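Reading through the structure tokens given below for one structure.
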Amino acid sequence: MNHNETQEKLVLWDVAGVDGLQVMKRVFGEQSDRIAPFQSLETDLHGLPCSVLRLCEGNFRICCPEKICCPENRETLPGALRAAAANCRVWVKQFPWLTAMLLPEEMSLAALAEIARPKPPFHLKALALNCAAPARIEGIAVLVWRHPRQGKERLELHLAQTQWKRVETLVTQHIS
Amino acid sequence: MISVDTTLSPEPHAPPRLGRVVAEYWVEGGTAIAYSVEAGQYIQILDVEGCQCSDLIAFSGKHYSEAIDPTVTRTLNGRSLPKVGLQGKYFSQNMQPMLEVIQDTCGRHDSFLLACTAKYYEDLGYPGHPSCSENFNQVLQPYGIAPRPGWSAINFFYNTWVDDEGAIIGGEAWSRPGDYVLLRAHQDLLCASSSCADDIDPVNGWNPTPILIRIYEATEHFPRLLGRRIAPQAPLQLTRSTAFTARIQQLTSDLVEYNGFWVPNSFANHGLQDEYWALRERAVLLDLSALRKFEITGTDAFHVLQLTFSRDISKLKVGQSAYGCLLNPHGGIIDDGIVFCLGEMHYRYVGNCDTDADWLINVASQRSLQVDVRNSSDRLHNLAIQGPLSREILRALVAFDPCFQSLTIDTLPYFHFATGAIAGIPLLLSRTGYTGELGYELFVHPDHGPALWDALMTAGEPFGLQPMGMLALDRARIEAGLLAAGREFDDLISPYQAGIGWAVAIKKPDFIGKAALEKIRERPPRVAVGLLLDGNEVAAHGQWVHPVGDRWRVGVITSATFSPILNRSIALAQIAPEYADIGTVVEVGLVDGLKRRVSATVGTLAAYDPTKSRVKA
């Protein structure tokens, strides 16, 4: 679960606003409006994988490998988003307080459901692939996201940076 | 001193118990009691004689440090008051659920004001008048809870509302004798309930009366129910499940009360856009059992409908149906619906209101017509299968009855129906819908509901059939320019204003509302149009439409949404005829109507497929 050791570092970019959907359509195509809030799709930007999660009508989150955002990459994700957002009523942000935690493969959905309580009407045990749900682990807010990562179905948590260690501990304790 | 009666035998005039009672308390008029409940137990707060408020406060934790908090409750639910269902919990100041409303037969309560205080009475000239807050102070003192001049409470049956100016208005309680709320405790709680002491204004009908508190076993299971009254003398109706609810509940917990039934908003792991696209590109299954069905039979069945329904029934043959509306004498729409011709003396009206039958009977009685009108809603629940692949899904499933053997699913015309069977289940199949897509509605006895659902879902799986909820349905019907009661019409709005003037057979020799409609038709005060808005912002019901650059209004938005297929913000609006020509540019006032105006172009009522080519395909 460490950011840097066992996995490629993931970064999150958020797009939100009245024109959020149109910006996403420009960057990722019409498929952006095929998903409902808390559904996601797997796509790519210049050959590099991106996962797109819709959070409401005009708000989206993109999870991608850090290298897609590197300045040496001429067509970076933030660059593409900002170009598409020009003259639109949206913001494009990377929240410094938000992070993504890719859960170990041993942490199944059923195992996660034992420690995470979803907000109704979501159900974690039945969470489908490419779907997400807001939940709490011992009172700590997380967004549970089930989607493919490097060809494998994985569970990803989005959570406040400040809660990383605590959640990591809780997850580790649960699977050990 | 407050008397607490814990005897388990009910008073003679007490309403029946709902289950196994573990404690029962009578709160005499103008008093309060404190009592404990355990997590999982249920509290029933009963207004025995009607028109009596009962304030509730609850505490949990060590030293009762956590209390129910109406502000937190309003915030977390996004509602002024919890409502049975997903937004049904009462929370503490620490945002922990304390109670959940499971049943509510009244539906009108207060969560804004304090329990009545001594100050309220003092300021009105009644120093020393008992108050709920003072009564709470007394009954909570033994628990070491410090007194307060005013308690923030949940004020059941207290009829308040916020007017357009922001004032909180109070009035006579809506509750009738026997009305109750049933709450489930999420924690061990100390509660205090009052029978409100207010006898100086109408809130308790000037006369405080007893409140009955019953505590039920945690092992009981009470369904979530809302009570609704549809007419002054009609009995209370509790929310019902449809023949398909059990199947739907396996697929979603996002159910809402609609017209007296539990219906799905959206489905787990899917959602609005996903379900919408399934409709537009494949096929969806919808539970529309909340529609009301009425059998109109007898020698004068035809005449009654000719008088009350806007369409010319004489043009209907057996197996045909027509969309139209029931009209009142001033040309307003009582209800919209479809009349099915089942025989020379047998018609079925499918609409939205239980009271439709009363109207038809009333007209028949006034005109001495021989007709029998029966509500068949409990015997006919209905699914709609809609979408371009709906016919393909049904093709292998449907067998029409011998009397409809000349038809197949491929030849069944729009607004025609046939009886037959699917998987051996007898049903009526109608080529109608509410989505703007090719589609069919299947009417079935509730006993066969689950089997029909299963048969359709199984057969539809290879076609990508999926269930659709009300959120996606609303988006689809706005695109298709289809009306919704309370949005596009009510009994003050004529068909000409609502956009269904085409459904008025004005040449019929006589029908209710004809005289008024002949005048309205010349120049309706407003006419229904579709609007295509510039930009992606979505308008809202009730926002005003203005001429470009002018301050005054020419119309109002009735429904609005973002159309995924058109990639446009669209709306249905009713505007002055002078501005209703297609292509006219108007402005929609967003936010407060002044801060931002968005340009919009008048178009056809149906922004999507205005020629109805898809439904007629």
Side-chain angles (χ1 to χ4, degrees), chain A residues 15-26 29-41 52-60 84-85 87-90 109 113 117-136 138-141 144-147, chain B residues 76-78 85-89 94-97 100 224 248-256 262 264-278 280-282 464 466 468-469 471-472 475 533-539 560-569 590-591 596 598:
Chain A
V15 176
V18 170
D19 299 327
L21 174 62
Q22 303 308 322
V23 169
M24 295 304 288
K25 281 187 171 186
R26 280 176 209 154
E30 291 295 319
Q31 58 187 337
S32 304
D33 198 27
R34 295 300 172 122
I35 50 173
F38 296 96
Q39 282 190 315
S40 65
L41 59 91
V52 175
L53 174 65
R54 192 172 197 168
L55 291 173
C56 69
E57 192 78 19
N59 293 12
F60 293 81
N87 302 316
C88 289
R89 287 197 290 164
V90 296
L109 202 54
R117 200 173 69 175
K119 176 182 166 60
F122 294 96
H123 294 280
L124 282 187
K125 279 182 185 167
L127 190 71
L129 188 63
N130 293 316
C131 288
R136 286 181 183 274
E138 289 210 353
I140 300 167
V144 179
W145 187 6
R146 185 180 175 208
H147 69 122
Chain B
L76 295 188
N77 286 316
L86 278 178
Q87 283 86 37
K89 295 191 184 79
N94 291 329
M95 298 189 177
Q96 297 305 307
E100 180 181 353
R224 289 182 172 84
I248 288 167
Q249 283 176 317
Q250 292 172 358
L251 302 171
T252 182
S253 302
D254 188 7
L255 272 70
V256 291
W262 292 116
N265 245 342
S266 65
F267 285 82
N269 298 319
H270 293 281
L272 196 163
Q273 285 82 359
D274 187 58
E275 294 161 28
Y276 165 89
W277 283 111
R280 291 285 182 242
E281 295 180 335
R282 304 189 305 275
Q466 66 182 67
M468 186 169 98
L471 295 177
R475 188 164 290 206
L533 281 73
D534 287 354
N536 298 308
E537 212 162 351
V538 175
T561 192
F562 186 83
S563 165
I565 203 156
L566 301 171
N567 197 27
R568 292 289 300 265
S569 172
L590 302 182
V591 196
R596 188 157 61 249
V598 169

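Worth saying up front: this structure is predicted, and the values here are computed from it rather than measured. Proteins get letters first, then strands, A, B, ... in listed order; numbering begins at 1 in each.
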*Indicate the atoms forming the closest heavy-atom contact of B:Asp274 with A:Ala36, along with that distance.*
N-CB, 4.1 Å

*What residues form a side chain to side chain donor-acceptor pair (under 3.5 Å) with B:Asn567, not counting sequence neighbours?*
A:Gln22, A:Lys25

*Compare every heavy atom of B:Phe562 with every heavy atom of A:Asp33, then report the nearest pair and how far apart it is.*
OD2-CE2, 4.4 Å

*Mind checking the CG-NE2 spacing from B:Asn269 to A:His123? Nearest 0.5 Å is all I need.*
10.0 Å

_Portion of B:Gln87 that has a non-hydrogen atom of chain A nearer than 4.5 angstrom_ = neither

*Can you measure from CD (A:Gln39) to NE2 (B:His270) and round to the nearest 0.5 angstrom?*
7.0 Å

*asked:* My understanding is that only residues two or more places apart in sequence, or in another chain, count here; which of them pass side chain to side chain donor-acceptor pair (under 3.5 Å) with A:Arg136?
replied: none

_Approximate separation, where rounding is to 0.5 Å, of B:Leu272 CG and A:Arg54 CZ_ = 8.5 Å

*How close do B:Asn536 and A:Val18 get, heavy atom to heavy atom, and via which atoms?*
CB-O, 3.5 Å

*Distance in Å, A:Arg89 CZ paired with B:Glu537 CD, rounded so as to fall on 0.5 Å steps*: 4.5 Å

*asked:* Using heavy-atom distances under 4.5 Å, tell me whether A:Leu127 contacts chain B through its side chain, its backbone, both, or neither.
replied: both

_Which atoms of A:Leu129 approach chain B - backbone, side chain, both or neither, heavy atom under 4.5 Å_ = neither

